[in-house]
Amino acid sequence: MFAVLKTGGKQYKVQSGDVLRVEKLAAEAGETVQFNEILMLDGQVGAPIVDGAAVQATVIDQIKGDKVIHFVKRRRKHGSQRTKGHRQQLTLLRVTEILASGGAETGVKAAIGAGSVAGAPAAEPKAAKAKAPKAAAPAAGDDLKNLPGVGPAMEKKLHEAGVTRFAQIAAWTDEQVAAMDTRLGLKGKIENDGWVALAKDLAGKA
């Protein structure tokens, strides 16, 4: 019986007793591991894997592959060259058993790559960025732009000062007029333009 298993992004055709080298697994020498991604079992082709099939193997050793030299030299670039050596981390295995069914019930440790994130705790979702509460819209009031010299910017300042209705302005005392004039930097505009008298008239029409 033969099987085609998948591990480390590669496929291997194996039989019982075969010794093979695969991408490094998270296992120690002497441990038994089980491959559950079986793409083919004898003549049976998986879709994409064969249900219940598995291949068990014993870890012989953790080894390194042959050194691979990576040489880069750019044409017409004086001194632009680089040599790098690399030895791939591998696991040496001996296939001990090929199971046609019941692979899920064996309880044998699954063969997981050493760099795999399988089984790692899921990352906690990022805390939602705290959003500053939107400033409450000013309460519906009168159109203060009907007063002399009041445009959208000045109306906004009046709203921020809590003034939204003509009746409020009509009720201002001399002290309140002076205080608001100083607060808004109007330099006597409230008195000179007759806001209080005009506000009384507009309030009566509202």
With clusters built from Ile, Leu, Val, Met, Phe, Trp and Tyr whose side-chain heavy atoms come within less than 4.5 Å, directly or transitively, what are the remaining members of the cluster of [X], listed by chain and number?
X      : result
Val72  : none
Val108 : none
Val68  : none

Going by the rule side-chain contact (heavy atoms from CB on, under 4.5 Å), which residues pair with [X] if we only count those two or more places apart in sequence or in a different chain?
X      : result
Val177 : Trp172, Ile190, Val196
Lys156 : Glu160
Thr182 : none
Val19  : Ile60, Leu92, Arg94

Can you name the nearest heavy-atom pair linking [X] to [Y], along with the distance?
X      : Y      : answer
Leu144 : Val163 : CD1-O, 3.4 Å
Leu25  : Ala111 : CD1-CB, 4.0 Å
Ala3   : Ile38  : CB-CG2, 4.1 Å
Ala54  : Gly103 : CB-CA, 3.9 Å
Ala170 : Ala199 : N-CB, 3.8 Å
Lys145 : Pro152 : CD-N, 3.8 Å

Does Lys6 count as lying over the ring of Phe35, i.e. NZ or CZ under 6.0 Å from the six-ring centre, within 45 degrees of the axis?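 Not satisfied by the 6.0 Å and 45° rule.
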
Tell me whether [X] shares a hydrophobic cluster with [Y], the cluster being built from Ile, Leu, Val, Met, Phe, Trp, Tyr side chains joined at under 4.5 Å.
X     : Y     : value
Leu20 : Val59 : yes
Met1  : Val4  : no
Leu39 : Val55 : no
Tyr12 : Leu99 : no

Could you list all the salt bridge (charged side-chain N to carboxylate O under 4.0 Å, His left out) pairs where at least one residue sits in [range], not counting sequence neighbours?
range            : value
residues 62-71   : none
residues 181-192 : Lys189-Asp193
residues 25-34   : Glu31-Lys109

Atom pair [atom1] ([X]) and [atom2] ([Y]), whose distance is rounded to the nearest 0.5 Å:
X      : Y      : atom1 : atom2 : value
Asp143 : Arg165 : CG    : CZ    : 12.0 Å
His159 : Met154 : NE2   : CE    : 12.0 Å
Leu186 : Trp195 : CG    : CH2   : 5.0 Å
Ile169 : Leu198 : CD1   : CG    : 9.0 Å
Phe166 : Leu147 : CZ    : CG    : 5.0 Å
Thr32  : Glu97  : OG1   : CD    : 10.0 Å

Using a 3.5 Å distance criterion without hydrogens, assess whether the side chain of [X] forms a donor-acceptor pair with backbone atoms of [Y].
X     : Y     : value
Asp61 : Ile63 : no
Gln11 : Leu5  : no
Gln62 : Ala27 : yes

If you look only at pairs with a residue in residues 36-59, which of them pass as a side chain to side chain donor-acceptor pair (under 3.5 Å), with sequence neighbours excluded?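 Found Gln34-Asn36, Gln34-Gln56.
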
All pairs passing side chain to side chain donor-acceptor pair (under 3.5 Å) where residues 14-23 contributes a residue, at least two apart: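 Side chain to side chain donor-acceptor pair (under 3.5 Å) check on residues 14-23 returns Lys10-Glu23, Glu23-Gln88.
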
Would you mind reporting whether Val45 and Met40 have side-chain heavy atoms less than 4.5 Å apart?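 With C-beta onward as the side chain, the pair touches.
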
Tell me, do Thr164 and Leu158 make a side-chain contact under 4.5 Å, heavy atoms counted?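 With C-beta onward as the side chain, the pair stays apart.
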
